[in-house]
Amino acid sequence: RVSIVKKEMEKILYYQLADTDYLKIVVIGEVVGDTTQPFTLKKGPPPGAHDIRSTLYLFVADGISIFSSNEICRILAGSKRASFVGSSPEQCALVDYWLEWESSTLKPAIRSGVLNGKVDTPEILTALGRLEGHLSSHGGLLMEKEVCLADVVVWSSLYPVLAAESSGSGVLHRVAPQVCQWFISLARKEPFTAAIWKASGDIGYQGYLDFLLGKEVGVAASSSVGKHQDGFPSLRSKPEKCVNEHEAKPTSLTDSEEVLFSDAELNAAADVFTKGPVSGSKPAKKEHPILPMKGERNILITS
């Protein structure tokens, strides 16, 4: 007897850091669980491919590949939690609509706006107006009641423009307040916050902006964060740690009272509170049991 064993083809997911399409995949993984386990992850374009910016490549078999980032998202999300892509024909149709809308309308408008240094282009304002009306009549989420694949896809696409407007004083906040509220409420959730840093290789907002502008991600990023560039709204960089916390200037405490927080730390906390988590530093990885860390500022809060 001769046994013939068919070798399974390697499934490869090609991605690029700080691509909002890759951000979608990472958010999905943080929300529903690791979706890329069956695939080999490779950074950069696949061999022989040309210009795959803002696009994922999923090679599933010899000669068969998927180029639509949203279709890849659907496959990966549906494999872990079917309800995430809709648990009824009506919900599936609704998710389909927003995924197609993001791909054909929202993403081109955002890319054009960023390249031209403007967030209030007619195309972006029209797209946000459509989203504003839907969110206002559907309980603040695209599929009501719970976050779905459509929320993740549209949120990730909007990140480069709405993250810069998270202070609530920008033009987009005045035009589409419900959209901005929806964006910030999702950004405050740990899976979304963690994904922002993970998908950008710990670079954060500036990395996504550089990717859209066609710049090399991570090169001299620190010099441009928080500045106005070509009219594009600024976003503050990560709060800097006090060089010597014992030399930090007290706020309004007397010399006899203990100084718990420096002015820099209080200002950084106020920024995160008013602007949301997109303006804060990378969240620390939680390990259990939680113990004091050597060389770090350890603060115990009790009730």
Side-chain angles (χ1 to χ4, degrees), residues 11 13-15 19-36 38-39 52-61 64-113 123-162 176 178-183 185-187 189 191-192 195 199 212:
K11 299 180 178 67
L13 178 64
Y14 290 92
Y15 70 95
D19 178 4
T20 52
D21 284 340
Y22 181 50
L23 176 59
K24 301 171 187 175
I25 296 294
V26 178
V27 174
I28 291 169
E30 294 289 331
V31 173
V32 304
D34 185 12
T35 58
T36 60
F39 307 97
I52 67 164
R53 297 196 67 81
S54 300
T55 301
L56 297 169
Y57 269 29
L58 179 61
F59 281 54
V60 293
I64 300 176
S65 55
I66 301 173
F67 306 102
S68 167
S69 62
N70 289 347
E71 186 59 30
I72 295 172
C73 290
R74 182 193 301 280
I75 292 172
L76 298 181
S79 67
K80 294 289 289 188
R81 188 193 299 175
S83 62
F84 198 64
V85 297
S87 54
S88 69
E90 293 77 13
Q91 290 183 345
C92 290
L94 186 62
V95 171
D96 283 345
Y97 170 82
W98 287 111
L99 264 57
E100 177 62 28
W101 176 83
E102 184 272 342
S103 177
S104 62
T105 302
L106 182 62
K107 186 188 292 185
I110 289 175
R111 182 170 179 81
S112 176
E123 293 79 11
I124 291 179
L125 294 179
T126 299
L128 290 183
R130 173 70 186 92
L131 187 59
E132 178 80 7
H134 182 83
L135 290 172
S136 299
S137 60
H138 285 74
L141 290 171
L142 292 181
M143 199 171 67
E144 295 186 14
K145 295 183 180 179
E146 60 180 353
V147 175
C148 69
L149 177 60
D151 289 287
V152 171
V153 167
V154 175
W155 182 91
S156 299
S157 192
L158 281 169
Y159 177 76
V161 295
L162 287 190
Q178 187 68 44
V179 173
C180 291
Q181 182 180 341
W182 162 83
F183 175 83
S185 69
L186 292 181
K189 297 179 183 295
F192 288 79
L212 283 174

**Asked** Could you go step by step and tell me if W182 and L131 meet the side-chain contact (heavy atoms from CB on, under 4.5 Å) rule?
**Response** CA-CA 10 Å; W182 162 83; L131 187 59; 4.2 Å; yes

[X] to [Y] - nearest heavy-atom pair and separation:
{"X": "S157", "Y": "I110", "value": "O-CD1, 3.1 Å"}
{"X": "A176", "Y": "L128", "value": "CB-CB, 4.1 Å"}
{"X": "L149", "Y": "A77", "value": "CD1-CB, 4.4 Å"}
{"X": "V31", "Y": "P191", "value": "CG2-CB, 3.8 Å"}
{"X": "P108", "Y": "S103", "value": "CD-O, 3.5 Å"}
{"X": "A199", "Y": "L23", "value": "CB-CA, 3.8 Å"}

Student check: side-chain heavy atoms of [X] and [Y] closer than 4.5 Å:
{"X": "C148", "Y": "V95", "answer": "yes"}
{"X": "Y57", "Y": "L13", "answer": "no"}
{"X": "S65", "Y": "L58", "answer": "no"}
{"X": "D19", "Y": "Y15", "answer": "no"}
{"X": "V32", "Y": "L76", "answer": "no"}

**Prompt:** What residue pairs, at least two apart or across chains, pass salt bridge (charged side-chain N to carboxylate O under 4.0 Å, His left out) with a residue in residues 141-152?
**Reply:**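 For residues 141-152, and leaving out neighbouring residues, there are no salt bridge (charged side-chain N to carboxylate O under 4.0 Å, His left out) pairs at all.
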
**Message:** Going by salt bridge (charged side-chain N to carboxylate O under 4.0 Å, His left out), name the pairs with one or both residues in residues 66-95, residues two or more places apart or in two chains.
**Reply:**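 For residues 66-95, and leaving out neighbouring residues, the salt bridge (charged side-chain N to carboxylate O under 4.0 Å, His left out) pairs sorted by first residue read E71-R74, R74-D96.
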
N/O donor-acceptor pair under 3.5 Å between [X] side chain and [Y] backbone:
{"X": "S88", "Y": "Q91", "value": "yes"}
{"X": "S112", "Y": "A109", "value": "no"}
{"X": "S156", "Y": "V152", "value": "yes"}

Under 3.5 Å, which donor-acceptor pairs link side chains of residues 134-143 to any protein atom two or more places apart or in another chain?
unit_1	atom_1	unit_2	atom_2	d
H134	NE2	L142	O	2.9
S136	OG	E132	O	2.8
S137	OG	G133	O	3.1
S137	OG	H134	O	3.2
H138	ND1	H134	O	3.0

Which distance, rounded to the nearest 0.5 Å, do you find between the [atom1] of [X] and the [atom2] of [Y]?
{"X": "K24", "Y": "N70", "atom1": "NZ", "atom2": "CG", "result": "4.0 Å"}
{"X": "L99", "Y": "S69", "atom1": "CG", "atom2": "OG", "result": "8.5 Å"}
{"X": "I75", "Y": "I28", "atom1": "CD1", "atom2": "CD1", "result": "11.0 Å"}
{"X": "K11", "Y": "F59", "atom1": "NZ", "atom2": "CZ", "result": "14.0 Å"}

**Message:** Taking side chain to side chain contact (heavy atoms under 4.5 Å, CB included) as the criterion, tell me which of L106, V153, T20 meets it with L158.
**Reply:**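 Output: one option passes, namely L106.
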
**Message:** Restricting to ring pair (Phe, Tyr, Trp, His ring centres under 6.0 Å), what partner residues turn up for F84, sequence neighbours left out?
**Reply:**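 Ring pair (Phe, Tyr, Trp, His ring centres under 6.0 Å) list for F84, sorted by chain: empty.
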
**Item:** Partners meeting ring pair (Phe, Tyr, Trp, His ring centres under 6.0 Å) with F39 (sequence neighbours left out)
**Value:**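 Partners of F39 under the ring pair (Phe, Tyr, Trp, His ring centres under 6.0 Å) test: none.
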
**Non-neighbouring partners of S79 that pass side chain to side chain contact (heavy atoms under 4.5 Å, CB included), sequence neighbours left out** =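 Scan of S79 (side chain to side chain contact (heavy atoms under 4.5 Å, CB included), adjacent residues dropped) gives none.
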
**Request:** Classify the ring geometry between F183 and W155 as parallel (under 30°), tilted (30 to 60°) or perpendicular (over 60°).
**Result:**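 F183 and W155: parallel rings.
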
**Asked** Any ion pair linking R111 and E123 (charged N to carboxylate O, less than 4.0 Å)?
**Response**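 Here E123 does not pair with R111 in a salt bridge, since their nearest N and O are not under 4.0 Å apart.
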
